[in-house]
Each structure stands twice: as C-alpha cells, then as structure tokens.
Amino acid sequence: MITITRSFLRHLRAVLRRALRITGRDAGPNLLFITGADGLRIQTRNTHAAVEHHTTGDFPAERICVPFALLTDCEGTKAEPVNLEQEPDGKIVARWTDNKIPQVVQYDSRLKESPILPVVPSAMAENDAGLWRALADAMEIAVTDSARYALTCIQLRSEGGRIVATDGLQLLVQRGFDFPWEGDVLIFRSTLFASKELPADGPLRIGKSDEWLVLQTGPWSFHLAIDKDRRFPKTEDFVRRPETASTRLTLAPGDADFLADAIQRLPCEADDCNQSVTLDLNGKVLVRARSSDSKVPTELVLSRSETSGEDLRFAINRKYLARALKLGLRELCMYGKEVPAQAVGENRDYIWAMLSGDTAIKPSNKAVRIDSCNGSSQTADETATATTVSPPVMTASTLPASSTPTANRSVHTMTKSNRFQTPSAIDENGNGSANGSNGSANGSNGSANGNNGNNGHASVVSEPADLIDQAEMLRSTLRTAASQASELIAALKQQKRTARSVQSALATLRQLDRVAM
C-alpha cells in the first residue's frame, strides 16, 4: 500500500498540468508510483516533458500505475491520507475519507506504464534562484503560434549564459547564467515557471541531453523537450551599447513605482489596439495619454527622474513600458527616431519597437497634469500660475478588449529598415501664453509669470494660508458631492426596482384580462 495526502495530489496535479502542457480536453499520461529503500518516486511522461517527484524515505517495495484522472478524483485542500493498493484481482483501489465519509475509486490494473524517464546528464550546472525567474520572464514573451521562426520557443545560449525571447515586436535578453553545454538550445513555451507550487527561491540545476533540457529544483526533476528542427531569429544586432544612445532616461525609484501603478489606468483611445502613450523627454519627463472622448490629454510628470541628450517625443505601446518596469529596468535608451527603444539593466536588456507615424500626442495648456511627488492634479495653465490646486484625477476610459499589440502598419517590427518620423519639437506651453511678456499685474492681459522688474510690479501669487483654506474648502465640497452622489445612486436603484415591479404588475393584469375574455 502507498499512502499520500489529498493536498499533495492537488499540488502534484497543478505542476504536472503545466509541465506536460495538458489542456482541458487532454486526459493526461498515466502515473507510476514507485516505493523502495530510497523513498517514493512519482513519474510520468508525454511528448512535451518527463517529470519525476522524489520523496526521500524507506518504504516497502511496490510499483503501482494509475491514470492521471486519479489526481482529479482524490485531490483536496486538506492533508487527508489517500491509500493506494492493488487488490488480489489486480484492480487498483484508492481509499480516503471526505468530511468523514468514506470514498473508494477503482482503476483498471492493465494500464500501460509511461515510458522510462530520460537519463539525467552527467554535466549539470547549479544556478541560483534568479534562473527560475528569468525563465518565467522569457516565457511570457514567447508566442503560442508562429509559422516562420521558432517564436514559440526561448533560446538558451551557452555563450554568455544568455536567455533570449522575442515575438518579433519585443526582445528580452538576459545574461550571466551557467549552461554546461556548447551551442544554443530551443525549448518550447511553457507556463511551468509561473507555477506557485514550485520552490522558486532555491538553487536550480540545469543540463542538457540529446533530446531534453533537464532542470532539477527541490524534489522535482523536469525533462523539457528540445526543438531541434526550427530556426530562431538572429537578435544580436538589436542590442546596442547604452553609451551610444542619443537620448537617455533614468527613472528614479519612486517615479518608477508611481508609473508602474498608474500607466494602465491612463486614458486610451477606444480604437487604439496598441494602447499607446507618449513619452515627452524635453528636460522634463512627461508620460501623456488621451481618451477618444476627450481632447484634453492626461500627463504624468515624473519630476524626480532625469533625461540627457537630445529632446525627443515618441509614442510607444504602454504594455511594453509596463513590462520594462516589471522587469526592474530603470534606464531607457533611445538611439534615434527610427530605432527601437531599449531598457537596460545590469544583466538584462529589453528592446521593443516604437509606434510609427505621427501618433505622439502634442502638449496642451489644458492638459491634466499629475505630479509623481505628491499625486496632485493640475492643468498646465494652473501649473504656470500656481493659484489653484485640484484633487487627483484619473480618467476612467475603458481600455480596448484586446491587450495584445497588433502587428499592423502603425507598429514597427524589428528590422534595420525601420523608419519613425518624430514630430518637430513644440514648446511645452504651446504658444507661450502662460509666460506673458508684459509682466503687468494691473491689466486684464497681464501674465502672472511676467517680468517682476517691468514697471515695478510683482507677480500675483496666493499666500500659503489662502491655498490651505482653498484646499480645505475643496475637500469639504468633494465630500458633500460624494455623499450626494451616493444618495442619488441609491435613489436611482430604488426607482429602477419600482419600475420593474410596476412592469411586472402590468404584465400580470394583462394576463388576467386575457383570461377574463
């Protein structure tokens, strides 16, 4: 008899479904339970992978083959024991209790055992837990279907210990790992590395046989099938040296966190499948977006970040910028108007294509600006005069249903012939009306930011106490408005319920009239 727990079977099923790439319609391969003096081994295999889980210990020698369905039949959230045994008539029986109620399932003993596991190669290299995370990041970029190149795979290169992944629009290169083989290896896209059931904080051993990539972590051994037939695109030419960039952006840690939190909540054009945002690097760092139902853009002002080199304004897919932030990359390099952007880190580079055409959003004096330091929201005119403070505003425009960028004519694929025309530089204040030249404080056309030395008049700026009073009044007004809005919503809901009741009553009366007739 072999005893395991229901919670362990649940854990086992979650990992095996990912490793073996089992879909909802796939019954899954049979499982082999082997016990002996070296412990309990659970083995299975299909064309995609071979997996073994090894629990150390000393058990009576036994060998039981069961269908994959056993995991679904017996799994549970509690550590209740499940007893597997082979009856005298040859049938396999699983017994356990569910909420104190005995459960029994029988299986055919004539099941065919899965093929023997591949041999673990003698040359195995140990890497830290960063390799597991790097493989998970790379797998997120590989696509599910590709006709020409092996974009459904990631590439592991012995030279420099590199992991390379691309979908044709984005490229991730990670370096510094120890791979004990010569040449390049392609492994198919897998969700295994995103599994929460696996120990992602311990060392990971890696090796390669003729047909399999072998990974060992904790009690698990995974043999993942190698793609030996297809070709991976050449990507080396797209990774450039940061020092050759014409424009560089260095994000402060606080700004990076702020942007990562806010970027997906920025407004978006309803028909914009690329979910574009504009980066305006002109001494300041501005992230600009606009919805289809508003001509007024929203700007995130990353006031703690720095730029160097040429001024540049360009549009990119916000998904790629968000991924660069998720990867922990804080420096963005641009090499001209026609070259993909590159986010760089210590051991990784992330490159993605800019959006083509005149898609960058131009500055506007009416833009709603949100500063990363305090989250306060102002229009550009209010920022110039510094007389009014408004609460934070986020436009709740619905993003397009599809978050996958479409490779259409507005997107650059990664080829050397890419050409992206950047609009000519436009002054931050548009026509300069916020910085009037008269400097007079007693005329209707005088600018609040005029020259103090002109006619001896000073700029008109509210005292700090006045600003505090205005802010408190505004807070009180907003609280009242929120309360009234809640009451209005409740009244509308009640009215809706009443209308439904009236409609139901009228329908009943009509039925009664028909019966009477």
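Hydrogens, waters and symmetry mates are skipped; everything else that's a heavy atom, side chains included, is used.
A 6.0 Å sphere centred on CD of Glu306 holds no more than 12 heavy atoms belonging to other residues, nucleotides or ligands. The 12-atom threshold is exceeded at CD of Glu236, counting heavy atoms of other residues, nucleotides or ligands nearer than 6.0 Å. Residue Glu243 places its CD atom among more than 12 non-hydrogen atoms of other residues, nucleotides or ligands, all under 6.0 Å distant.
No donor-acceptor pair under 3.5 Å is formed between the side chain of Glu299 and the backbone N or O of Val368. For Ser305 (side chain) and Ala252 (main-chain N/O), a donor-acceptor pair under 3.5 Å exists by modelled atom type. With hydrogens and angles ignored, the 3.5 Å screen pairs no side-chain donor or acceptor of Tyr320 with any backbone N or O of Ile351. Put simply, the side chain of Asn274 never gets that close to the backbone of Ser276: no donor and acceptor are under 3.5 Å apart. Distance alone, capped at 3.5 Å, places no donor-acceptor pair between the Arg162 side chain and the Arg175 backbone. Judged by distance alone, the side chain of Glu126 and the main-chain N or O of Leu204 form no donor-acceptor pair under 3.5 Å. Checking side-chain atoms of Ser372 against main-chain N and O of Asp255 turns up no donor-acceptor pair under 3.5 Å. Proximity of a side-chain donor or acceptor of Arg288 to a complementary backbone N or O of Ile361 within less than 3.5 Å is detected. Panel note: side chain Asn282, backbone Asp311; no donor-acceptor pair is recorded below 3.5 Å.
Within the 4.5 Å cutoff, the side chain of Lys326 has heavy atoms near those of the Glu140 side chain. Side-chain contact check for Tyr350 versus Gln170: some heavy-atom pair is nearer than 4.5 Å. The side-chain heavy atoms of Val164 and Arg157, taken from C-beta on, include a pair separated by under 4.5 Å. Under the 4.5 Å side-chain criterion, counting only non-hydrogen atoms from C-beta, Asp178 is not in contact with Leu131. You'll find the side chain of Thr152 stays beyond 4.5 Å of the side chain of Thr144, heavy atoms only. Contact of the Met334 side chain with the Leu332 side chain is registered, since non-hydrogen atoms from C-beta on lie closer than 4.5 Å. Counting heavy atoms from C-beta outward, Leu300 and Phe258 have side chains that approach closer than 4.5 Å. Between Arg318 and Cys268, the closest side-chain pair of non-hydrogen atoms falls below 4.5 Å.
For the side-chain contact (heavy atoms from CB on, under 4.5 Å) with Cys153, the qualifying choice from Val185, Ile226, Asp227, Ile187 is Asp227, the only one to do so.
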Requested in this report: Give the intermediate values and the outcome of side chain to side chain contact (heavy atoms under 4.5 Å, CB included) for residues Leu186 and Asp184.
Outcome: CA-CA 7 Å; Leu186 296 180; Asp184 303 336; 6.0 Å; no

Query raised in the report: For Arg21 and Asp26, what are the C-alpha separation, side-chain angles and deciding distance, and is it a salt bridge (charged side-chain N to carboxylate O under 4.0 Å, His left out)?
Result: CA-CA 9 Å; Arg21 297 163 61 185; Asp26 191 349; over 6 Å; no

Requested in this report: Would you check, one step at a time, whether the test side chain to side chain contact (heavy atoms under 4.5 Å, CB included) holds for Gln275 with Leu266?
Outcome: CA-CA 10 Å; Gln275 301 181 27; Leu266 285 173; over 6 Å; no

Query raised in the report: Passes salt bridge (charged side-chain N to carboxylate O under 4.0 Å, His left out), Asp210 versus Lys228? Steps please.
Result: CA-CA 10 Å; Asp210 187 47; Lys228 302 176 69 175; 3.3 Å; yes

Requested in this report: Step by step, work out the side chain to side chain contact (heavy atoms under 4.5 Å, CB included) result for Phe314 and Leu281.
Outcome: CA-CA 9 Å; Phe314 56 95; Leu281 310 179; 4.2 Å; yes

Query raised in the report: Passes side chain to side chain contact (heavy atoms under 4.5 Å, CB included), Asp349 versus Leu329? Steps please.
Result: CA-CA 8 Å; Asp349 294 288; Leu329 304 175; over 6 Å; no

Report task. Check the pair Glu197, Arg10 against salt bridge (charged side-chain N to carboxylate O under 4.0 Å, His left out), reporting the backbone distance first and the verdict last. Result -> CA-CA 10 Å; Glu197 291 80 12; Arg10 181 185 181 91; over 6 Å; no

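Nearest heavy-atom pair, Trp132 versus Phe222, reported as atom, atom and distance to 0.1 Å: CH2-CE1, 4.4 Å. Nearest heavy atom pair, residue Ile154 against residue Ala165, reads CG2-CB, 3.9 Å. The heavy-atom pair separating Asp280 from Pro363 by the smallest distance is OD2-CG, 4.0 Å. Heavy atoms only, all atoms of each residue included: Ile22 and Leu16 are closest at CD1-O, 4.3 Å. The heavy-atom pair separating Leu302 from Leu251 by the smallest distance is CD1-CD2, 3.6 Å. Looking at every heavy atom in both residues, Pro233 comes nearest to Thr166 through CG-CG2, 3.9 Å.
With values rounded to the nearest 0.5 angstrom, Ser246 atom OG is found 9.0 Å from Tyr335 atom OH. The CD atom of Gln216 sits 4.0 Å away from the OG atom of Ser221 when rounded to the nearest 0.5 Å. Atom CG of Leu151 and atom OG of Ser146 lie 3.5 Å apart (nearest 0.5 Å). Arg17 CZ to Ser195 OG: the interatomic distance, rounded to the nearest 0.5 Å, is 12.0 Å. Annotation: the span from Ile316 atom CD1 to Leu321 atom CG amounts to 4.5 Å, rounded to 0.5 Å. Considering CD of Gln264 and CG of Leu259, their distance stands at 10.0 Å, rounded to 0.5 Å.
The aromatic rings of Trp212 and His223 sit perpendicular, their planes meeting at an angle over 60°, well past the 30° parallel limit.
Side-chain contact check for Asp293 and Ser291: at least one donor-acceptor pair (N or O, by modelled atom type) lies under 3.5 Å.
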